[in-house]
Amino acid sequence: MDKEHLKRMRKDTLLTHLGSHPRDHHGAVNPPVYHASTITFPTVAARDAARAKKFEGVTYGRSGTPTTFALEEALAGIEGGYRAMLVSSGMAAISVALFAFVSAGDHVLIADSVYGPCRNFCDKVLTRLGVQVTYYDPLIGAGIADLIRPNTKVVYCESPGSLTFEVQDIPAIAAAAHARGCKVLHDNTWGTPYLFPSFERGVDVSIHAATKYIVGHSDAMLGAIVTNQESFLPVRQSMADLGYCAGPDDVYFGLRGLRTMAVRLKQHQENAMRVATWLQGRPEVAQVLYPALPGAPGHELWKRDFRGACGLFSIVLHPAAKPGVDAMLDGMRIFAMGASWGGFESLILPSHPEDLRTATKWQGAGPVLRLHVGLEDPADLIEDIEDGFARMAATNRAAAAE
Ligand SMILES: *Cc1c(COP(=O)(O)O)cnc(C)c1O
C-alpha cells in the first residue's frame, strides 16, 4: 500500500500497516532486525549526501536503522504527530524530552500525580542544574495560567496520573500554556498513541513508556517520544547530545507488539471493566479509580478526550491493617506483584501516593492497590481477588482475637 493512501486510513489500519515496507525487504511482512553500528559508504560524495540530511536516513547505528524507522513512522502516524524517536526506556524518553527545553534559570510546572521516577529526575537532576520545579494540582485545568512565570518553559502533564488516575483537562492546560509560550509535554503511556490523540488535544511532545502496551509482552524496555513539527528538532537534538538510542531487538519487539495493540487494548478494557465494576460493589473497597468506570473520578473528561481505556487502575480500600493487606497480596494465584504493566498478564501492587505529593494532599480512605488487569478470564481474576479479601478478613479477625 502506498504511503499517501495509507495516511488517510483509520487508526486500526494504520496500526496494522504503517511503517511496513515489504517491497524494501524481499516481500517480508516485517522488516529485518538490523544489528548495526558502523554504516559504510562507497564514496565521499555518498557519505556527504547522507550526512547533509540531518536526522534522516541511515548514517550510524545510534541514529537508527530501517528497523527503528519502521516503528517511528508507525508511532508518529497513529498518534497524529510529526515524527517519533525511540530510546532505551520510558524514563529515558522523559529525560530527553525535558532536557530539550530547559536551561539554568528556567522554570517547569509538573503535575503532582506524575510518575515517581520523573519526580525524582526533576527534584534531583533538574534542580541541581539550576532549573526551578513547581508541582501543580493535576485537576487545575485552565487555572495553570496563574502558576506560569515569565521563565516557565514547560508544562508537564500525565493523564491519568500514576497510581491515582486523575484525568487532566489537557486542552485547557495547553491553551493556557501556549498563550504564554510554554511547551506542553505529556506522558501518554496510559493512553498509548492509540487511545489518546495527544496532538489533537494540544500537546507538543508526547512521551511513552513503550515498555508497557506497545511492547505488550513484559519482555523488553523501550521508550518513545512523538512530537509536533516545531518541537521535533530540539527533542531530536537532545537525544543525539545525550547519546540515547534503542537496541534493535527491543525495537523489533515494539514493532511486533504494536501490530496487535488495538485488539489487546480492547480486551484489557473489557476485562478491567468487569473487574472494576465488581470491585465497586465490594464492602472492602472505598473507591475504584478507573476513569472508564461511570461515576469514577475523571470519567466525564475521559469520555470527552479518550477513545478507550487500558487495563490499569487503582482501588482505595477502607482502612485496613497492613498484616491483612499483606496476607491478601501474598496469596494471590494469578495477580503477580511487580513493577511495570501493559503486558498480557495481571499484576497487583501496593502503592503509596501519599509519599509522592507536594502540591496536593492524597486523601484516600485507606491502603491503595494498583491493578493491571490482563488477558486472563475476568471470572478467574475476580475469584483470585475475592479469595484475597477473605484472607484479609481472616487475618484481621485473628489479630482482633489476640
Ligand atoms: C513505566 C512508566 C514510565 C517509565 O518507563 P520505563 O520504560 O519503565 O522506563 C514512565 N511513565 C509512566 C507513566 C510509566 O508507567
Side-chain angles (χ1 to χ4, degrees), residues 2-3 6 17-79 81-101 125 193 205-211 214-227 229 231-259:
D2 72 90
K3 206 167 153 179
L6 182 58
H17 290 282
L18 201 61
S20 172
H21 304 288
R23 292 295 147 248
D24 296 345
H25 309 294
H26 306 281
V29 170
N30 294 297
V33 181
Y34 284 85
H35 287 100
S37 54
T38 300
I39 304 297
T40 61
F41 297 92
T43 61
V44 173
R47 180 167 179 264
D48 287 349
R51 284 156 60 96
K53 288 183 285 176
K54 205 167 163 73
F55 303 132
E56 269 180 53
V58 184
T59 53
Y60 184 47
R62 198 174 63 222
S63 309
T65 69
T67 319
T68 326
F69 302 150
L71 182 53
E72 289 177 349
E73 184 186 339
L75 291 176
I78 294 157
E79 195 162 8
Y82 171 66
R83 276 183 68 177
M85 287 151 265
L86 298 173
V87 291
S88 58
S89 70
M91 198 51 226
I94 291 171
S95 60
V96 162
L98 279 166
F99 270 137
F101 299 108
V125 182
V205 177
S206 174
I207 296 161
H208 297 277
T211 309
I214 295 171
V215 167
H217 294 74
S218 306
D219 51 6
M221 303 294 303
L222 193 65
I225 313 161
V226 187
T227 73
Q229 190 160 0
S231 307
F232 173 70
L233 270 182
V235 179
R236 185 63 188 82
Q237 189 64 52
S238 166
M239 177 183 159
D241 294 340
L242 290 165
Y244 289 4
C245 58
D249 292 311
D250 295 336
V251 171
Y252 187 81
F253 281 142
L255 196 55
R256 185 180 164 126
L258 185 75
R259 300 305 183 199

Margin query: Taking side-chain hydrogen bond (donor to acceptor under 3.5 Å, both in side chains) as the definition, give me every residue that meets it alongside Gln237, ordered by chain and number, with sequence neighbours left out.
Written below: Lys54, Asp241
Next item on the list: Measure the spacing between CD of Glu72 and CG of Leu86 and express it to the nearest 0.5 Å.
Entry: 4.5 Å
Note to self: Can you give me the closest heavy-atom contact between Ala93 and Ala224, atom names plus distance?
What the structure shows: CB-O, 3.7 Å
Checklist line | Leu71 side, atom CG; Ile214 side, atom CD1 - distance, nearest 0.5 Å | finding: 7.0 Å
Checklist line | Spacing of Thr59 atom OG1 and Phe41 atom CZ [to the nearest 0.5 Å] | finding: 6.0 Å
Notebook entry, point to check: Ser20 pairs by side chain to side chain contact (heavy atoms under 4.5 Å, CB included) with which of His25, Glu73, Arg259?
Noted result: Arg259
Checklist line | Identified side chain to side chain contact (heavy atoms under 4.5 Å, CB included) counterpart of Thr227 within the set Ile207, Leu233, Val205 | finding: Val205
Next item on the list: Measure across Tyr60 and Ser37 and return the closest heavy-atom pair with its distance rounded to 0.1 Å.
Entry: CD1-O, 3.2 Å
Note to self: To check you understand the geometry: which heavy-atom pair defines the closest contact between Thr65 and Ala36, and what is its length?
What the structure shows: CG2-CB, 4.3 Å
Notebook entry, point to check: Quick one: CG on Asp250 to OG1 on Thr67, what's the gap to the nearest 0.5 Å?
Noted result: 12.0 Å
Next item on the list: Kindly indicate, with the supporting measurements, whether the criterion side-chain contact (heavy atoms from CB on, under 4.5 Å) is fulfilled by His208 and Glu79.
Entry: CA-CA 11 Å; His208 297 277; Glu79 195 162 8; 2.7 Å; yes
Next item on the list: Assess whether side-chain contact (heavy atoms from CB on, under 4.5 Å) is satisfied between Ser231 and Tyr82, documenting all intermediate values.
Entry: CA-CA 9 Å; Ser231 307; Tyr82 171 66; over 6 Å; no
Next item on the list: Test side-chain contact (heavy atoms from CB on, under 4.5 Å) on His35 and Asp249 and set out the steps.
Entry: CA-CA 8 Å; His35 287 100; Asp249 292 311; 3.0 Å; yes
Notebook entry, point to check: Quick one: does Leu255's side chain get under 4.5 Å of Pro31's, heavy atoms only?
Noted result: yes
Notebook entry, point to check: Got a donor-acceptor contact below 3.5 angstrom from the Ser238 side chain to the Val96 backbone?
Noted result: yes
Next item on the list: Give the minimum heavy-atom separation between Gly61 and Ile39, together with the two atoms involved.
Entry: N-CG1, 4.2 Å
Next item on the list: Report the distance from atom CZ of Phe69 to atom CD of Glu56, rounding to the nearest 0.5 Å.
Entry: 9.0 Å
Next item on the list: Looking only at non-hydrogen atoms, find the nearest pair between Val251 and Ala246 and report the distance.
Entry: CG2-CB, 3.7 Å
Next item on the list: Identify the heavy atoms of Arg83 and Phe55 that sit nearest to each other, and give their distance.
Entry: NH2-O, 2.5 Å
Next item on the list: Report the distance from atom NE2 of His21 to atom CG of Asn30, rounding to the nearest 0.5 Å.
Entry: 12.0 Å
Notebook entry, point to check: So, Thr211 side chain and Leu222 main chain: donor-acceptor pair closer than 3.5 Å or not?
Noted result: yes
Next item on the list: Using the side-chain contact (heavy atoms from CB on, under 4.5 Å) rule, take Leu258 and Leu75 through it: C-alpha gap first, then chi angles, then the decisive distance, then the call.
Entry: CA-CA 9 Å; Leu258 185 75; Leu75 291 176; 3.9 Å; yes
